[in-house]
Structures are given as C-alpha cells and as structure tokens.
Number of protein chains: 2
Amino acid sequence: MINMLDTFFNPKSVAVIGASPEKRSIGYSILKTLKNSFKGKIYAVNPNHNKILGLKSYFSVREVKTDLAVIVVPKKIVPLVLKDCVKAKVKSVVIITAGYSEIGDKKSEEELRKIIKGSRTRILGVNCLGILDTHTGLDTLFLPEPKLKRPRKGGVSFISQSGAFGSTVLDLFAYDDVGIAKFLSYGNQTDIKDWELLEWLGNDPLTKVIVIYMEGVSDGRKFFEVSKKVSKKKPVVVFKAGKTESGSKAAASHTGSLAGSYDVYRAAFKQAGIFEAHSVEEIYDLSKALEFQKPNKGSVAVVTNGGGFGVVTSDFLIQNKVKLANFSPDTEKKLRKILPKYANIHNPLDLIGDADHKRYEKALDILIKDKNVSGLLIITLLQTVSLTPKVLDVIKKINKTTKPIVVCATGGKYTQKHMLELESSHIPVYLTPERAVKAIKVLLD
Amino acid sequence: MINMLDTFFNPKSVAVIGASPEKRSIGYSILKTLKNSFKGKIYAVNPNHNKILGLKSYFSVREVKTDLAVIVVPKKIVPLVLKDCVKAKVKSVVIITAGYSEIGDKKSEEELRKIIKGSRTRILGVNCLGILDTHTGLDTLFLPEPKLKRPRKGGVSFISQSGAFGSTVLDLFAYDDVGIAKFLSYGNQTDIKDWELLEWLGNDPLTKVIVIYMEGVSDGRKFFEVSKKVSKKKPVVVFKAGKTESGSKAAASHTGSLAGSYDVYRAAFKQAGIFEAHSVEEIYDLSKALEFQKPNKGSVAVVTNGGGFGVVTSDFLIQNKVKLANFSPDTEKKLRKILPKYANIHNPLDLIGDADHKRYEKALDILIKDKNVSGLLIITLLQTVSLTPKVLDVIKKINKTTKPIVVCATGGKYTQKHMLELESSHIPVYLTPERAVKAIKVLLD
C-alpha cells in the first residue's frame with residue numbers, strides 16, 4: 001500500500017494539466033515555480049496552446065509518460081483529465097481544483113473516486129495546495145516566492161488540511177530558519193487519507209519531526225493506530241482546528257470536515273503519544289525545538305541574570321507541569337563557591353544582575369554535569385552592563401553536550417540580532433519565557 | 001498626599017548621589033544617560049571627585065538645591081546620604097541600592113523609613129531601577145541605550161516591581177513602536193506603595209493605559225480600592241508573577257514580596273475591572289491594542305481570505321469568550337451581492353483565496369456600518385497572488401471610523417515588512433490569530 005505514495009515524493013517527471021501562459025493564473029504560477037525548483041522533467045498540458053513558458057504544451061497527458069500530474073483545470077473538466085491520467089498510468093495525481101464537499105457537493109468527489117477505482121492512480125486533494133519537497137525541488141504551491149519564502153532543507157515534515165494556513169506557517173518557518181523536509185496540503189482527502197501520509201513520513205529517513213494541522217480525521221481508529229506506531233519513532237505535533245462549535249461550522253465549509261468532539265481528540269492525542277500545539281505560535285515554536293535539539297527525559301535547570309524572569313519562568317514551568325530539577329548536594333556546594341555570597345542557590349538559579357559570561361560558563365558547566373538535570377533553560381538579559389555577547393560562545397559550547405537546551409532572551413533589536421546568531425548554531429531561542437517553557441517541555445516529555 | 005509624588009515626575013533638577021567616573025559603574029551609567037536625556041539641571045554628588053563627566057562633583061547633596069535625588073551608593077552609606085537628603089529638603093528620592101528585605105534584611109529598610117518619618121521626603125525603591133519619563137527626559141535606568149532602546153513618547157505608563165523584567169519589556173515596546181508615558185520600577189516598596197503610583201497615574205492626563213508587573217501588593221484592600229476608581233477612568237492591565245508555590249518562593253528572594261494566593265488575586269482583579277495579562281507577550285500585545293485603538297463594547301466581525309484562519313480564529317474567539325456578531329439581514333443581503341456565489345455569508349466572513357483589495361474594501365464598508373458589529377478583526381494573507389499591499393490603504397481608511405480594529409497577518413519577511421507600515425498608522429497588527437483575538441477582546445470588554 002504505502003509504497004504507492006512514493007511517486008508523490010520522488011517523481012522523475014511532473015505534468016501540469018491546466019498550465020497557462022496567463023500570469024495571474026494558478027496554472028502559470030505552478031509551472032513557473034516548478035521550472036525554477038524541480039530537478040526532473042516537466043510537461044505542460046493545455047490543448048489551447050503550443051508553447052507555455054518556453055515548454056511544449058501537450059494536448060493530453062496521454063501524450064507523455066509522467067510519474068506525477070498536477071491538475072488545475074476547472075471543476076467540470078476534472079473527471080475528463082483524471083480519466084486521461086488513469087489511461088496514461090500516472091501513479092500520483094494532485095488535484096488543486098476546489099468546489100467539492102466543502103460547498104456541499106459530495107457527489108462530484110465520489111465520481112472522482114470511481115474513476116481511479118481499480119487503477120494504480122492515487123489522488124492528493126481535492127481542494128489543496130499540493131506538495132513542497134525541499135529535497136527534490138517539487139513545489140506545487142501557487143503562492144509566489146517573494147511573497148512566501150520557502151524554508152531551507154531540514155527535518156520537519158508538515159501535513160496540513162488547510163493549504164493557506166499551512167503555507168503561511170511555512171513562511172514563518174522560513175523566517176525563523178527552521179528546516180523543512182516535506183510540506184503536504186491534503187485538502188478534502190478524496191482518496192489519500194491523513195493517516196497514509198503520517199505512515200509514509202514515519203518511515204521517511206529525511207523526516208525527523210512530523211507536524212499536522214488537522215480540522216477532522218478521515219478515520220479516527222485508523223489515524224490513532226498509525227499515530228501510536230509513528231510517535232514511538234519520531235515526535236508528532238498536532239494542531240487541531242475546529243475545537244468549538246463555531247470553529248467546527250467554519251471547518252465544514254472549508255474542507256468539508258466533521259470536526260468532532262475536541263475532548264475525544266484531546267484524549268486520543270495523549271494516548272497516541274502525540275504532542276498538541278495549542279496556538280499557531282506553538283506550532284513553530286515546538287517544531288523549532290524538535291528540529292534543533294535532541295529530546296531527553298527528566299527535569300530542567302533554569303539559569304537567569306534577571307530575578308523577575310526567574311519568578312515568571314517558575315510559574316510557567318509549574319503551570320505546564322515541567323519538573324524543576326533538585327540540584328545535587330555536590331552541585332550546590334560547587335555553585336556556592338562560584339557565586340556571590342548574597343546569591344540564593346536554588347532552581348531557578350539567579351546569577352544576579354551583575355553576572356558576566358564567565359559566571360554563566362562556570363554555572364552551566366556545573367549544572368550540565370548534575371545527574372538530576374536533564375535539560376537547560378537559559379535566560380540571558382543581554383541588556384545589562386555586565387553581560388556581553390561573549391555569553392553566546394558559552395552557550396554554543398554547552399550545546400555540544402547531549403542534554404537539550406533552550407534559550408530565552410526578551411528584548412528589542414540589539415537582543416534579537418545577537419540571538420539570531422545562536423539560532424544559526426541550531427540553538428532554539430525564544431523571545432518570552434512562556435514560549436521557552438513550552439519548548440523545553442516538549443523536549444523533556 | 002498624592003501631590004507629594006509630583007516631583008518624581010516633573011523635577012526641575014536631579015542629583016546623582018554616588019555618581020562615578022568609572023565606566024562600568026551604575027553611578028556613571030545613570031549620570032551619562034541623564035546628561036543625554038534630561039532637560040533640567042543635573043548635579044553629581046561624590047566626595048571623592050572634583051569633576052565627573054565634565055560636571056562639578058559636590059561633597060554632599062546639602063550643597064545643592066534639588067527636587068529629586070538618585071542614590072546609588074553602597075548599602076552601608078545609604079542611611080547617611082538619605083539623612084542628607086532630608087536635611088536638604090529633597091522631596092523625591094530614588095534608591096537603586098539593593099540587599100534589603102529581598103535577602104532577609106528587613107531591619108535596614110525599617111531604618112530608612114525612620115529617617116524620612118515626619119519629613120516631606122519620599123522614597124521610590126529600594127532595590128529598583130527608578131524612572132523613565134519620555135516627556136521630561138528623566139531616565140535613571142542604568143541599562144545602556146544601544147542595548148536597551150527607549151520607547152517613543154506615548155500613552156502607556158508601566159509600573160513594575162521588577163526592574164530588569166520591566167525594562168526588557170520596555171525594550172519590546174520600543175521594538176514594536178508602542179509609545180510610553182512613564183516607566184516606574186518600584187522594587188521593595190520601602191515607602192511609596194504600588195497603589196500610590198497607580199492613583200497618581202490615574203490622574204495623569206498623559207497616561208492613557210496603565211500596565212503593572214506585580215509580584216505581591218503592599219496592601220490588598222487599599223490597592224483594589226484604588227484600582228476600582230482608576231479602572232473606571234482608563235484601562236489597567238496587570239501581569240501577576242508568583243502565581244505558583246515555586247514562583248512565590250522565587251519572588252520572596254527577589255523583591256521580598258509575599259506573593260499570596262493567586263486565586264484571591266484573580267478574583268480581585270476581575271472585581272476591580274482590571275485586565276489580566278497571562279503571558280509576557282500579552283503584556284505588550286494588550287498595551288499596543290489599548291495605546292493604538294479606542295475601546296468599545298460588543299461583538300466582533302472577522303474577515304479573512306484564508307478559510308483555515310477563519311476556523312482557527314473562531315475557536316480562539318469562543319475560547320476567550322469574545323462574541324461573534326450576528327450580521328443584520330441588510331448586511332447579509334449586501335454581502336451576497338459583492339461576494340462570489342460559492343461564498344458562505346457568515347461570521348467569520350471568508351472572502352475566499354482569490355480576494356483582492358477591492359473585495360476587502362466593499363466587505364469592510366458594509367460590516368463597519370452594521371449596528372451589530374462593534375469591532376473588526378481583519379485577517380490578511382498577503383501571500384496570495386490576488387491580494388496586493390493596496391489592502392493596507394483600505395485598512396487605513398476603515399481605521400478612521402470609531403470602531404476598534406486589529407489585524408492578523410501570519411507570515412515571514414514580506415508580510416512583516418508591509419505590516420510595520422500599518423503599525424505606523426496606529427493599527428495594531430499581530431503575527432498569529434490567537435494574539436489578535438486577545439487584543440480585540442481587551443478592546444471590546
């Protein structure tokens with residue numbers, strides 16, 4: 001079953017059915033993007049033109065031999081061109097075209113299912129954006145590049161029921177320099193279901209973390225059965241939309257989904273070992289943490305040069321059920337030696353406002369060796385007179401150990417500029433303590 | 001009573017007791033900052049020097065006549081110089097020096113209270129950063145300017161029990177271009193209490209919104225009595241730290257506060273008409289909304305060009321108890337005329353992925369006139385082919401009406417660049433729907 005999806009991810013050739021020379025059309029946008037990014041063979045299919053964007057335009061997909069076809073024709077022609085795909089033995093078809101069950105027309109979707117029945121053709125969509133694969137250069141997103149930046153190659157694979165939602169989150173990933181393996185917008189799940197994609201990505205060696213935006217599952221039992229297996233191999237993060245009655249109604253007219261009872265979903269996520277993101281911000285905050293760092297199990301040590309941040313971070317850790325490590329007696333003894341007399345030796349550890357990078361280095365070296373400490377949440381107020389950007393090198397050095405670390409640095413331009421430097425060394429940095437807490441939670445859970 | 005605080009905000013002269021020529025000292029940093037920013041007379045006081053930073057250095061504050069004195073001398077000399085201040089009839093004294101009840105020494109703080117007893121001298125502090133007043137240029141923060149940018153003049157006044165916490169949030173304000181009237185770090189509340197500052201700011205015509213970072217109140221009854229009065233005049237936003245047992249412990253060793261039961265605080269905030277910020281991000285998100293927009297009471301209309309965002313925003317609105325407006329029959333009729341046939345006319349209103357700025361303009365013009373609509377949450381995915389930055393002008397035009405608006409635009413560099421333009425027109429923009437929802441909530445509550 002599963003290997004029937006392979007040609008979606010490793011196609012040697014792609015046909016754009018409904019390619020167009022008209023600059024504001026989707027058929028133009030997709031062909032143009034593919035020409036810039038895709039490494040294999042590209043075919044334009046449109047019976048009304050001879051050439052599009054310098055490529056020969058074919059009358060039908062039956063004239064070419066292609067692994068993958070992207071359909072962007074008007075709804076009434078979709079059955080016709082899909083039949084052509086089946087006849088041409090195209091294994092993978094992405095149908096971008098919308099206007100099916102999301103507006104109440106289930107019948108036309110059923111018709112498409114009938115067309116592929118018994119064949120080896122599989123459909124991703126309808127009502128979707130398709131695929132972005134940073135490794136093969138396959139890119140069917142019709143949101144143009146200067147407006148939506150594509151992320152770099154990396155370990156996060158993101159499957160999204162909503163195309164527009166998913167792709168703007170991609171744009172955030174790109175901004176934060178979080179690396180992507182694959183992005184898949186799966187729309188109405190006419191044929192290929194969410195759990196099939198999840199299963200495929202679970203076996204994909206290029207995928208380190210799986211992130212899902214979901215309005216409603218196709219088959220609850222099957223989805224959670226697969227999730228349980230996959231989440232043992234790699235972390236799975238889900239954002240569930242349509243949690244409320246009002247949200248469910250909106251979902252029904254968006255991807256034709258039955259959003260279902262959120263309480264049931266929540267319990268099932270937990271049981272399946274899935275992490276739930278509760279906000280859009282959390283989707284990329286958790287993805288970043290899991291892409292940059294190796295998870296571990298246990299308790300956290302917090303280090304800060306601002307007492308107020310220690311107070312606030314304590315609160316957020318407790319509220320989020322993250323365990324604060326008890327320092328070992330040996331650690332306490334060592335810390336007492338290197339800290340000013342008036343410092344309190346407890347967790348969160350306040351290095352005091354006059355801490356410099358050397359005090360950070362000594363304290364972090366002691367804490368990382370403590371068996372009770374499984375991960376570090378390092379708060380740096382770079383605004384103090386004493387703390388210079390040399391602390392960045394200290395943090396980079398500590399990052400070479402096997403325990404996960406996250407950094408919190410609240411501040412404006414000066415702080416953010418320096419923190420970008422840490423991110424380029426794959427250390428996740430967050431602007432506020434609550435975001436850093438959620439990141440360390442996902443790494444220690 | 002209250003006008004005894006006036007000289008903290010409108011001093012004609014400031015003395016820095018403990019001014020120093022040593023570049024890494026606090027006494028140097030404060031004097032240097034004041035020289036750049038303060039419009040009145042500045043005196044340096046330090047018996048060991050004749051001149052500091054080109055200013056004559058006085059032996060004692062008694063040699064000069066000053067409204068305000070900032071004390072940055074070591075703890076053991078504080079009583080001596082404070083006595084000098086009383087003798088010199090200095091009305092306002094800021095004591096930066098730390099090491100009092102926050103490390104268990106209540107006695108030394110009591111001693112300071114005895115020194116000013118019966119005089120007209122009042123103390124802000126101890127263990128604080130002092131004051132930043134964008135209107136008078138008074139600035140005693142010793143976090144140097146390139147590292148911590150000062151915000152522009154504006155309507156938010158921020159009182160913070162934690163100096164470092166407060167000032168890094170200031171840095172965020174500056175980054176987001178939120179305007180500040182006054183920032184006050186009040187530390188251990190040795191003399192001047194939180195409620196006195198709140199009362200003063202309640203009567204300050206330059207203060208439009210009051211934001212408080214609090215670990216523990218000095219006098220609960222008094223604080224909530226004053227809050228009730230002030231919150232009728234202008235919005236008050238509080239962030240409470242030390243909500244959990246672990247956080248409370250950290251607070252005790254930070255500002256010597258008894259954090260108390262959070263449940264009691266929460267109930268009291270509600271009763272006093274205070275808005276509670278639940279995260280650091282919310283502090284500046286709500287401040288920005290209240291500084292930029294005029295509150296109103298009632299229900300919200302949501303407009304989007306991305307269906308998934310409609311679903312997600314619905315959920316967040318319901319979860320945050322914000323009412324979605326029921327469009328009037330007249331509005332529905334008018335919307336049906338201007339939208340594509342397959343569009344669903346309900347709230348959130350999905351303008352569909354191919355919406356351009358003209359469709360936004362028509363829809364917003366109809367919605368703003370609906371009596372059932374008290375405010376707008378406008379979602380713009382600028383990444384689509386159809387939506388150009390011309391939509392910014394549409395939003396700016398709508399902003400001239402009296403109903404509050406907030407904008408959500410999720411995306412990377414391209415989106416964020418354009419959205420900064422909206423913020424310069426005092427339209428609050430948020431990167432994610434959950435943040436926009438909390439902002440419209442505070443404007444409609």
Side-chain angles (χ1 to χ4, degrees), chain A residues 24 29 99 103 142-144 146-149 162 164-165 167-169 171-172 174-175 213 215 241-247 250-251 253-254 279-281 306-312 314-315 317-319 324 342 344 348 350 353 381-385 410-416 432-434, chain B residues 24 29 99 103 142-144 146-149 162 164-165 167-169 171-172 174-175 213 215 241-247 250-251 253-254 279-281 306-312 314-315 317-319 324 342 344 348 350 353 381-385 410-416 432-434:
Chain A
R24 296 196 67 183
S29 185
I103 59 162
F142 48 87
L143 301 157
K147 289 185 148 196
L148 187 139
K149 199 184 162 197
S162 168
F165 182 92
S167 53
T168 54
V169 174
D171 201 14
L172 285 178
Y175 187 78
Y213 167 94
E215 294 181 357
K243 292 184 175 102
T244 62
E245 205 191 314
S246 177
S253 64
H254 177 233
S279 64
V280 179
E281 200 165 71
F309 278 90
V311 179
V312 170
S314 274
D315 281 341
L317 286 169
I318 302 300
Q319 287 171 336
L324 276 152
Y342 48 92
N344 282 298
D350 187 356
L381 306 191
L382 272 192
Q383 293 96 336
T384 69
V385 176
T410 304
K413 207 172 173 180
Y414 174 86
T415 297
Q416 291 181 33
T432 59
E434 62 269 18
Chain B
R24 298 196 66 182
S29 185
I103 58 160
F142 49 88
L143 301 157
K147 289 185 148 196
L148 188 139
K149 199 184 161 197
S162 168
F165 182 92
S167 52
T168 54
V169 173
D171 200 13
L172 286 177
Y175 188 77
Y213 166 93
E215 294 182 356
K243 291 183 174 102
T244 62
E245 204 190 314
S246 177
S253 65
H254 177 232
S279 65
V280 178
E281 203 165 70
F309 278 90
V311 179
V312 171
S314 274
D315 281 341
L317 287 168
I318 302 301
Q319 287 172 334
L324 276 152
Y342 47 92
N344 281 299
D350 187 355
L381 305 192
L382 273 191
Q383 293 96 335
T384 69
V385 178
T410 304
K413 207 171 172 179
Y414 174 87
T415 297
Q416 291 182 33
T432 60
E434 63 269 18

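Numbered from 1 within each chain, the chains take letters A, B, ... in sequence-line order. This one's a predicted model, so the numbers in the text were calculated from it and none came from an experiment.
Top candidate by heavy-atom pairs under 4.5 Å with chain B, chosen from A:Gly310, A:Ser29, A:Pro144, is A:Pro144. Of all the listed residues (A:Pro146, A:Gly99, A:Ser167, A:Pro348), the one sharing the greatest number of non-hydrogen pairs under 4.5 Å with chain B is A:Pro146. Looking only at heavy-atom pairs under 4.5 Å with chain B, the residue among A:Val169, A:Asp315, A:Leu172, A:Ile318 that has the most is A:Asp315. The greatest number of non-hydrogen atom pairs below 4.5 Å with chain A, out of B:Ser279, B:Gly353, B:Ala164, is found for B:Ser279.
Using a 4.5 Å cut-off between heavy atoms, B:Thr415 touches chain A through its side chain atoms alone. Proximity to chain A (any heavy atom under 4.5 Å) is restricted, for B:Leu324, to the side chain, taken from C-beta onward. Using a 4.5 Å cut-off between heavy atoms, A:Gln416 contacts chain B through its side chain alone, with no backbone atom that close. A:Ile103 touches chain B through its side chain: at least one heavy atom from C-beta onward sits under 4.5 Å away, while N, CA, C and O do not.
The heavy-atom pair separating B:Val311 from A:Ala241 by the smallest distance is CG1-CB, 3.7 Å. Between A:Gly411 and B:Asp171, the shortest heavy-atom distance links the atoms CA-OD2, 3.4 Å.
At distances below 3.5 Å, at least one donor-acceptor pair connects side-chain atoms of A:Lys147 with backbone N or O atoms of B:Leu382. A side-chain donor-acceptor contact under 3.5 Å links A:Glu434 to the backbone of B:Glu281.
Here the CG atom belonging to A:Leu381 is positioned 10.0 Å from the CZ atom belonging to B:Phe165, to the nearest 0.5 angstrom. For the atom pair B:Leu148 CG and A:Thr384 OG1, the distance stands at 10.5 Å (nearest 0.5 Å). Going from atom CD of A:Glu245 over to atom OG of B:Ser314 covers 11.0 Å, rounded to the nearest 0.5 Å. Atoms CD and OG1, from B:Gln383 and A:Thr168 in turn, are 6.0 Å apart once rounded to the nearest 0.5 Å.
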Do A:Lys413 and B:Lys149 pass the side-chain contact (heavy atoms from CB on, under 4.5 Å) test, and can you show the C-alpha distance, the side-chain angles, and the key distance before you say yes or no? CA-CA 8 Å; A:Lys413 207 172 173 180; B:Lys149 199 184 161 197; 5.8 Å; no

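The closest side-chain heavy-atom distance from A:Val385 to B:Leu143 is not below 4.5 Å.
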